[in-house]
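For reference, the structure discussed in these notes is given below.
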Amino acid sequence: MKEKISEMAESLLDDLIEDLRSLLVIESKKSDPCRDYPYGINCGRVLEKALEIGQAHGFSTKNIDNRMAYCSIGKENNNGYICAMGHLDVVEEMDGRYYPPFKGEIHNNRIYARGALDNKGPIMAAFYGLIVLKKLGINFNREFRIIFGADEESGMSDLEYYLSKEKPPLAGFTPDNKFPAIYGERARARIEVSGSNEKMEEFINTKIFVGDPVTNLGIDFADEDFGKMILRGKKLSRRDYEYIFSFTLATPKCDIDEVIGSIKKKAPGLNVKLLDYKKWMERDKTSSLVKILNESYNYMMDDEATPTSTTGMTYAHFCPNIIPFGPSFPGQNGIAHLPNEWMDLDDLFSLVKIYAYAFYRLNEYYK
């Protein structure tokens, strides 16, 4: 099967690049609602283009009120569906770029554009994984969906809306993180410390800029699955007559009230507020889904990687029965939100093969 998938994928590479470029040229940044487009016209247009591509390849399509959309193939029944879920909305372009952000230009075997890696390229690779199986004559034992979102970068309200209209998947993945199979995502907390200049100066100089701030604040929690607490996203600002210091914690499994309590003890005379908190996501690392996806990656890449966790937050955090699975390979550093976002074409083609085989395995398992 590896050879059949690889040969078919190779024959589709030019089509994949053409379809991907048709999505990359759309400036699908969230904007003010307009008519029937809750995330702005361009986020609606990119969903429509994805469905147009799906129809051209013989897939059934459905638009969920311009918030999410999907292309599907296989038997539609009450036995549930298998999916890959990605997003077509992108963050703002940044200064310092040397290639246009919405052209999809290819240089040195890389395709450059907003969304090339995050997440238009990977979700299209998953879509082409199904096309590979379709062209190989695989009989799909149940419905398979490629689900496209349009508000992942701004809070994932698209997913909440989708789940209010559609049943959750039986199994699946989101190609929006890293390989191999990811069974857990850390919790995330946004914290604000505020107060007078004098107190804030003392706090920052003694707890943040000297040594390890996690240890200084007494929040050096850790566990076997997620590792040590991480503090990042530091920001200092001023509001009226007080200073505001905010930061984000990527937390292992721990009591957030205990975390806040410890910070308060280390910040006397200052106000400590929990602005936002999302609990960790953890799937059974021995589950059939994690096992199948991890084995698929290892088989296609001749690797022996084991399932792991991540500091990132994807659709899998809030959608039942899916996990993060790619697109970044071990050792690669994230460049998704940097000025010159790109996707290596060899990696893109590897994704097609990995996802095709993963879908093949899931199709066999869920007969």
Margin query: With rounding to the nearest 0.5 angstrom, report the CD to CG distance, E242 to N271.
Written below: 7.0 Å

Margin query: Can you confirm whether or not the ring centre of F144 sits under 6.0 Å from the ring centre of Y70?
Written below: no

Notebook entry, point to check: Taking atom CG of N119 and atom OG1 of T174, what is their separation to the nearest 0.5 Å?
Noted result: 5.5 Å

Next item on the list: Establish, yes or no, whether the cationic atom of R283 lies under 6.0 Å from the six-membered ring centre of Y183 and within 45° of the ring axis.
Entry: no

Notebook entry, point to check: Taking R142 for the side chain and Y366 for the main chain, is one N or O donor matched with an acceptor at less than 3.5 Å?
Noted result: yes

Item checked: Test: R232 cationic atom under 6.0 Å from F247 six-membered ring centre, within 45° of axis -> no

Check: If you measure from OG1 on T248 to CD1 on I191, what distance do you get to the nearest 0.5 Å?
Finding: 8.5 Å

Notebook entry, point to check: For the ring pair Y355 and F173, is the centre-to-centre distance below 6.0 Å?
Noted result: yes

Notebook entry, point to check: Is the closest side-chain donor-acceptor distance between R190 and S246 under 3.5 Å?
Noted result: yes

Margin query: Set out, in order, the CA-CA distance, both residues' side-chain angles and the distance that settles salt bridge (Lys or Arg N to Asp or Glu O under 4.0 Å) for E282 and K253, then state yes or no.
Written below: CA-CA 10 Å; E282 186 176 26; K253 289 175 281 188; 3.3 Å; yes

Notebook entry, point to check: Checking R186 against F226: charged group under 6.0 Å from the ring centre and within 45 degrees of the axis?
Noted result: no

Next item on the list: Taking the six-membered ring for Trp and the single ring otherwise, decide whether the centroids of Y99 and H107 are under 6.0 Å apart.
Entry: yes

Checklist line | Side-chain donor-acceptor pair present, Y128, D19, cut-off under 3.5 Å | finding: yes

Next item on the list: Kindly indicate, with the supporting measurements, whether the criterion ring pair (Phe, Tyr, Trp, His ring centres under 6.0 Å) is fulfilled by F140 and F359.
Entry: CA-CA 10 Å; F140 292 98; F359 281 135; 8.4 Å; no

Checklist line | Aromatic Y299 / basic K2 pairing, under 6.0 angstrom, 45° off normal | finding: yes

Margin query: Walk me through whether T310 and N177 qualify under side chain to side chain donor-acceptor pair (under 3.5 Å).
Written below: CA-CA 8 Å; T310 180; N177 197 266; 3.1 Å; yes

Checklist line | For the student: nearest non-hydrogen atoms of A189 and L274, plus distance | finding: CB-CD1, 3.9 Å

Note to self: For a quick test of reading the model, state the closest non-hydrogen atom pair linking D36 to P38 and the distance between them.
What the structure shows: O-CD, 3.3 Å

Next item on the list: Cation-pi check, R110 to W342: give yes when NZ or CZ is under 6.0 Å from the six-membered ring centre and within 45° of the ring axis, no otherwise.
Entry: yes

